[in-house]
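The structure appears right after this line, and notes come after that.
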Amino acid sequence: MSDLVAARRARLAALRERGVDPFAATRYDVTAHAAELASKYAELPEQGRAEAQTWSLAGRIMSARGQGKVIFFDLHDRTGRFQLFVRQNDVGEEAFAIAKEIERGDIAGASGFVFRTKTGELSLYVRSLEVLGKSLQPLPDKWHGLQDVEKRYRRRYVDLIVNPAVRDVMIARSKIVAEMRRFIDAHGFYEVETPTLLTIAGGATARPFLTHSNALDIPLSLRIATELYLKRLIVGGMERVYEIGRIWRNEGIDRTHNPEFTMLELYAAFWDVQDMMRFNEELMAHLARSVHGTETVMYGEDAISFATPFRRMDYLGAFKEFAGIEREQLLDPDQCFALLREHGIPDSPSHAHALDKLFEKIVEPHLLQPTFVYGYPVVLSPLAKRMKDDPQLTERYELFAAHMELANAFTELNDPDDQRRRFELSIAEKESGDEEVPPPDWDFVRALEYGMPPTAGIGIGVDRLVMMLTNNASIRDILLFPLQRPLPADATDDDDDEGPAAGT
RNA sequence: GUGCCUGUAGCUCAGUCGGUAGAGCAGUAGCCUUUUAAGCUAUUGGUCGCGGGUUCGAGCCCCGCCGGGCACACCA
């Protein structure tokens, strides 16, 4: 099995015997990329030779087709594929002998001019060829690529080499995040960075990852949200702040959950949740346009239109519309628990949990097109401001599309006394066994006591947004390195049974 | 955590009724000065995820373990 590695090491030795050390190169003057040459010379006629201009390409050799005194290589760079043509008569015997040692997977630089082969393929007529790196591991099948999903996640570098679609998704992700920043920055927001190591991990209900500071000799948690720190900045007068940051939650792993994921949280002083709704839909439409050039994106079998305005739906009204459920049945805990049984849902530990389960069962299936669901009960929303004329509900919405939650936003609670009471209630919940309720952050209450302007805030799951905009059903396919259980074999995976003795 | 599915050569996959391991590509040795999944000839390569069990005999049947996928649970 290490036969293949041994064969490659033999090629390495052969190169060194010819005075070429593939690991010696430190740089290469790249003057063109594959896609640039392809478009620049698209009009080059049959048998055409653009000898006046010399170009240098660099990348990975993905195919080597030797044909006697001539070799064709496929070179892949980050823009695509370009064919190299190496002819012994033109490069000389010594250089040709070196070229013959180059194999699939090696890194090479080539310079020459662009021409069309007999079959009409635009190619580089190579005048000089340099080995810039040696691949000692065999690559997967050139036709089938790497299909084994486990191996694709564990060795993402191989996946990226042989499956161009993966690279495209990751580039799309990069663009989405960059566009997100551009859009937000253009609205006068400051990007900030708040701590990830916390003594109290609040702002959401989730189990944190625990760690320890040696210097301070105290336990610490990784953050589960950025909310409470960003709102401290609003108290501090920064007015418009956001953070695109990693969040950790020590919970289940599945198609839509990874223990670490990326969240956009954004806060705007003097906005309310309605202002945020408009900002939110504009942002989504902008991102859809920048990725697809249109507001309509395919997700699985469904065409999702992010054209503004999005549909608005009332939280209580949705239950009424889809299942004839009345307000009191939801807001009264006992009636709500009765509804659970009525709809065949297992018992819930809390009123809030029961409401979530009912929503999932009754409302979510109807939320294919982007929809703002507005007016969540206060029991579900410990950090949101109550509605003026209906204090059992809050000025909060969630945005759904393709039955997935994409955003959560509300007018922020800025009454410190109300906030204190809600924290006190959460202590009771925690004591009654709900381990996911975070301990209260009393310093945050003190911050509110200094006075926080009316403020709207929003959280957007970046990973899910990327899933939607790139049409991927699993979060692992939009993360470069999704968490995998380590293999015991990983430590001793390599069999270096031959060693450097093979080299010269 | 539970259920279902899954793990065979570097990669992609076959493997019948339980009868002693196969193909293509890759690799190796040749031939070939316009190929492109190059071609032609020859050829190497296996802890069938791991450990037990049943059997004259296990890739195949049974049990346990490990990894992965999906669903549920948990959770945004």
Side-chain angles (χ1 to χ4, degrees), chain A residues 1-8 10-11 46-47 62-74 81-91 96 103-105 115-123 125 135-155 158-159 161-163 204-207 224-225 247 249-259 261 263 345-346 348-349 353 356-357 359-360 364 380 398-400 403-408 434-436 459-465 473-477 482 484-490 495:
Chain A
M1 63 179 77
S2 68
D3 279 4
L4 293 171
V5 174
R8 287 179 165 265
R11 294 281 194 111
E46 295 290 317
Q47 312 288 316
M62 292 303 288
S63 170
R65 298 179 294 281
Q67 203 180 349
K69 305 288 189 290
V70 142
I71 306 174
F72 293 88
F73 292 108
D74 285 344
R81 182 191 83 98
F82 208 77
Q83 180 169 267
L84 310 180
F85 175 76
V86 183
R87 190 164 168 263
Q88 191 182 61
N89 289 13
D90 295 291
V91 299
F96 193 76
E103 58 193 328
R104 176 175 152 84
F115 79 116
R116 277 197 195 277
T117 62
K118 271 185 187 162
T119 54
E121 175 156 358
L122 219 47
S123 306
Y125 202 107
S135 170
L136 297 172
Q137 293 283 350
L139 286 178
D141 192 286
K142 63 181 163 188
W143 195 243
H144 300 97
L146 188 63
Q147 302 296 327
D148 182 321
V149 290
E150 181 181 354
K151 213 160 266 180
R152 287 185 46 226
Y153 299 145
R154 290 190 192 278
R155 303 192 188 176
V158 179
D159 193 26
I161 291 169
V162 297
N163 294 329
T205 52
R207 247 169 270 231
I224 56 172
I247 303 292
R249 295 186 182 175
N250 204 343
E251 285 164 355
I253 300 175
D254 65 23
R255 240 181 50 215
T256 55
H257 298 84
N258 193 66
F261 61 100
M263 180 105 93
I345 303 167
S348 281
H353 186 266
D356 270 339
K357 290 290 130 189
F359 186 88
E360 217 171 86
E364 253 186 49
L380 280 180
E398 291 195 337
L399 170 63
F400 291 84
H403 318 294
M404 269 201 301
E405 183 207 327
L406 286 184
N408 175 25
D434 194 342
E435 290 176 37
E436 276 152 13
I460 297 179
V462 172
D463 307 277
R464 288 184 185 182
L465 182 59
S474 170
I475 195 170
R476 295 182 199 99
D477 291 323
Q484 297 282 297
R485 191 180 290 277
L487 293 175
D490 267 0
D495 21 14

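As a basis for the values below, the full set of heavy atoms in this structure was taken, side chains included, without hydrogen atoms, waters or symmetry mates. The chains referred to below are lettered A, B, ... by the order of the sequence lines, with proteins before strands, and numbering in each begins at 1. What you see is a predicted model, and the numbers here were worked out from it, not measured in a lab.
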Between [M] and [N], how far apart are the [atom1] atoms? Round to whole Å, please.
N	M	atom1	answer
B/rG49	B/rG7	C1'	6 Å
B/rC60	B/rG53	P	14 Å
B/rU8	B/rU20	C1'	15 Å
B/rA21	B/rU35	C1'	35 Å
B/rA14	B/rA23	P	16 Å
B/rG24	B/rC61	C1'	31 Å
B/rC70	B/rG45	P	38 Å
B/rU2	B/rU44	P	47 Å

Quiz prompt | Residues A/Glu436, A/Arg249: salt bridge by 4.0 Å N-O rule | solution =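 A salt bridge is absent here (no side-chain N lies under 4.0 Å from a carboxylate O).
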
Quiz item: Got a salt bridge between A/Asp74 and A/Arg104, using NZ or NE/NH1/NH2 to carboxylate O under 4.0 Å?
Solution: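 No, this pair does not count.
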
Checking only heavy atoms, does the side chain of [X] share a donor-acceptor pair with the base of [N] at less than 3.5 Å?
X	N	result
A/Gln83	B/rU35	yes
A/Asp148	B/rG7	no
A/Asp3	B/rU44	no

Quiz item: Atom CZ of A/Arg485 and atom CD1 of A/Ile253: how far apart are they, to the nearest 0.5 Å?
Solution: 8.0 Å

Self-check item: Between CG on residue A/Asp141 and CD on residue A/Gln147, distance to nearest 0.5 Å
Solution: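 One gets 9.0 Å once the value is rounded to the nearest 0.5 Å.
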
By nearest atom, which of the nucleotides [options] is closest to the [X] side chain?
X	options	answer
A/Leu146	B/rU34, B/rU28, B/rU12	B/rU12
A/Pro140	B/rC74, B/rC11, B/rG67	B/rC11
A/Ser123	B/rU35, B/rU34, B/rU12	B/rU35
A/Glu251	B/rC75, B/rG68, B/rC13	B/rC75
A/His144	B/rG68, B/rG24, B/rU34	B/rG24
A/His353	B/rC75, B/rG27, B/rU34	B/rC75
A/Phe72	B/rC25, B/rU34, B/rC74	B/rU34
A/Glu436	B/rC74, B/rC11, B/rU35	B/rC74
A/Glu150	B/rG67, B/rG10, B/rG69	B/rG67

Quickly work out the [X] [atom1] to [N] [atom2] distance and round it to whole Å.
X	N	atom1	atom2	result
A/Gln67	B/rG30	CD	P	18 Å
A/Asn258	B/rC74	CG	C1'	15 Å
A/Glu103	B/rG27	CD	P	7 Å
A/Arg476	B/rG68	CZ	P	9 Å
A/Ile161	B/rA26	CD1	C1'	15 Å
A/Ile71	B/rU33	CD1	P	12 Å
A/Gln137	B/rA26	CD	P	19 Å
A/His257	B/rC75	NE2	P	10 Å

Is any side-chain N or O of [X] closer than 4.0 Å to OP1 or OP2 of [N]?
X	N	answer
A/Lys118	B/rU35	no
A/Arg249	B/rC75	no
A/Lys357	B/rC74	yes
A/Arg154	B/rG68	yes
A/Arg255	B/rC74	no

Quiz item: Which of these passes side chain to side chain contact (heavy atoms under 4.5 Å, CB included) with A/Ile460: A/Asn408, A/Leu399, A/Leu465, A/Leu406?
Solution: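 Among the candidates, only A/Leu465 passes.
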
Base, sugar-phosphate, or nothing: which does [X] touch, judged by heavy atoms less than 4.0 Å apart?
X	answer
A/Arg152	nothing
A/Gln47	nothing
A/Glu121	base
A/Gly459	nothing
A/Arg207	nothing
A/Arg11	sugar-phosphate
A/Ala206	sugar-phosphate
A/Phe82	nothing
A/Glu398	base

Practice problem: Verify side chain to side chain donor-acceptor pair (under 3.5 Å) between A/Asp254 and A/His257, making sure each step is shown before the conclusion. | Solution: CA-CA 5 Å; A/Asp254 65 23; A/His257 298 84; 2.8 Å; yes

Quiz item: Is any side-chain heavy atom of A/Gln83 less than 4.5 Å from a side-chain heavy atom of A/Leu122?
Solution: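 Counting from C-beta outward, A/Gln83 and A/Leu122 never come under 4.5 Å.
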
Residue matched to [N] through Watson-Crick or wobble contacts both under 3.5 angstrom:
N	answer
B/rG57	none
B/rG3	B/rC70
B/rC48	none
B/rC31	B/rG39
B/rG18	none
B/rC75	none

Practice problem: Only one of A/Phe85, A/Phe72, A/Phe82 passes ring-ring contact (aromatic ring centres under 6.0 Å, His included) with A/Tyr125; say which it is. | Solution: A/Phe85

Quiz item: Between A/Gly145 and A/Val70, who's closer to the 5' end of RNA chain B by nearest nucleotide?
Solution: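 Result of the comparison: A/Gly145.
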
Self-check item: Heavy-atom closest contact (A/Asp463 atom, A/Phe261 atom, distance)
Solution: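 For A/Asp463 versus A/Phe261, the nearest heavy atoms are OD2-CB, 3.2 Å.
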
Quiz item: Under 3.5 Å, is there a donor-acceptor pair between the side chain of A/Glu103 and the main chain of A/Ala64?
Solution: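 Pair absent, no side-chain N/O of A/Glu103 close to backbone of A/Ala64.
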
